[in-house]
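One structure is given here, and the rest of the page talks about it.
What you see is a predicted model; the values in this text were computed from it and never measured. Values reported hereafter were calculated over all heavy atoms of this structure, with side chains retained and with hydrogens, waters and symmetry mates removed. One is the number of the first residue; the rest follow in order along the sequence.
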Amino acid sequence: MREVQDEGRIVILDRRLVSKAYGSTMLNALPPLRRQID
């Protein structure tokens with residue numbers, strides 16, 4: 001069973017999300033979260 005304190009990660013390896021205009025639209029469609037772009 002899942003617990004309230006469970007955590008998960010979304011990892012997107014496609015660099016177009018930060019280099020193309022449509023990338024920010026896709027990222028903004030995600031629920032609020034802490035983002036780390038390397």
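None of Ile10, Val18, Leu27 except one satisfies the side-chain contact (heavy atoms from CB on, under 4.5 Å) rule with Arg35; the exception is Leu27.
Counting heavy-atom neighbours within 6.0 Å of Glu7 CD, excluding the residue itself, gives a total of 12 or less.
Listed for the Asn28 side chain is no donor-acceptor partner under 3.5 Å among the backbone atoms of Thr25.
Both Met26 and Leu33 are part of a single hydrophobic cluster, where members link through side-chain heavy atoms under 4.5 Å apart.
Of all non-hydrogen atoms in Arg15 and Asp38, the two that sit nearest each other are NH1-O, 2.5 Å.
Once rounded to the nearest 0.5 Å, the distance linking CG of Leu17 with CG of Leu30 reads 8.5 Å.
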